[in-house]
Amino acid sequence: MGKRRRDNVAGGRKHSHRVMVTPEEEGMLQARAQALHVTVPRLLIEAALSPAGETPADRRNLAAELLGVRALLRAVSNNVNQIAKHANTTGDLPANTTATVRAVDDLSARIDEIVRRV
């Protein structure tokens, strides 16, 4: 988990900005900052100064999600290889074939959803 606050800088920060928000916007900002484990000021600064409008916390979360998908892909690939070996040896498909194909489809959909967010 990243730090909530930004690192101190030599000489301190000399400028501040005040932003007025509605109660609904405040709720959304608080929820997003909490989900990313950062403060609202840090969220606003990172989002505003990031070229793509995403924060470093967004990128860390995406990287963690991709690593999780990679682990699932390894597991599913292993299952597919075991099914192929069994089918080649016996000529029959094992009982877990349908579940494994469903897992491949689910994983593919999850990868597509992540790619759409990038």
Side-chain angles (χ1 to χ4, degrees):
M1 180 183 321
K3 293 174 21 178
R4 287 187 46 82
R5 295 184 58 200
R6 297 185 303 152
D7 290 333
N8 291 335
V9 295
R13 292 186 171 85
K14 305 289 186 202
H15 303 281
S16 68
H17 299 276
R18 183 172 177 199
V19 178
M20 301 295 291
V21 296
T22 66
E24 294 81 17
E25 291 169 331
E26 176 64 12
M28 292 187 305
L29 286 169
Q30 290 290 344
R32 177 111 192 253
Q34 185 176 14
L36 296 172
H37 306 288
V38 297
T39 62
V40 170
R42 181 173 180 170
L43 171 71
L44 293 173
I45 289 168
E46 287 182 354
L49 298 180
S50 173
E54 67 182 2
T55 67
D58 288 331
R59 289 188 293 280
R60 280 192 303 275
N61 289 344
L62 180 60
E65 189 171 0
L66 288 171
L67 289 173
V69 167
R70 182 175 70 176
L72 287 173
L73 184 58
R74 284 184 186 149
V76 169
S77 297
N78 187 42
N79 287 353
V80 169
N81 284 337
Q82 290 172 353
I83 289 169
K85 182 177 180 181
H86 179 81
N88 287 334
T89 302
T90 66
D92 296 326
L93 291 175
N96 68 338
T97 300
T98 301
T100 300
V101 170
R102 190 174 304 118
V104 169
D105 289 342
D106 292 347
L107 187 55
S108 177
R110 186 169 171 194
I111 291 169
D112 289 345
E113 190 272 326
I114 293 170
V115 168
R116 276 190 292 278
R117 289 189 348 234
V118 175

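Not measured: the values here are computed from a predicted model.
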> How long is the gap from CG on Asn61 to CG on Leu36, to the nearest 0.5 Å?
5.5 Å

> If the condition is side-chain contact (heavy atoms from CB on, under 4.5 Å), which residues does Leu107 pass it with, not counting sequence neighbours?
Val69, Leu72, Leu73, Val76, Ile111

> Give every residue pair that meets the side chain to side chain donor-acceptor pair (under 3.5 Å) criterion with at least one member in residues 98-107, sequence neighbours excluded.
none

> With ILVMFWY side chains joined below 4.5 Å, transitively, what does Val9's cluster contain besides itself?
none

> Just how far is it from atom OG1 of Thr39 to atom CD of Gln30, taken to the nearest 0.5 Å?
9.5 Å

> Report the residues that fulfil side-chain contact (heavy atoms from CB on, under 4.5 Å) with Arg74, sequence neighbours left out, ordered by chain and then residue number.
Arg70

> At what distance, to the nearest 0.5 angstrom, does CZ of Arg32 lie from CG of Leu43?
5.5 Å

> Rounded at 0.5 Å granularity, tell me how far NE2 in His17 sits from CD1 in Ile45.
8.0 Å

> Between Asp92 and His86, what is the shortest heavy-atom contact and its length?
O-CD2, 3.2 Å

> From Glu25 CD over to Met20 CE, what is the distance, rounded to the nearest 0.5 angstrom?
10.5 Å

> Are Val38 and Met28 grouped together when hydrophobic residues (ILVMFWY) are joined by side-chain heavy atoms under 4.5 angstrom apart?
no

> Suppose we screen for salt bridge (Lys or Arg N to Asp or Glu O under 4.0 Å). Which residues come up paired with Glu24, at least two apart in sequence or across chains?
none

> Honestly curious: do Leu67 and Val115 fall in one hydrophobic cluster under the side-chain, below-4.5 Å linking rule?
no

> My understanding is that only residues two or more places apart in sequence, or in another chain, count here; which of them pass side-chain contact (heavy atoms from CB on, under 4.5 Å) with Leu44?
Leu29, Val40

> Working to the nearest 0.5 Å, report the span between CD1 of Ile83 and CG of Asn96.
4.5 Å

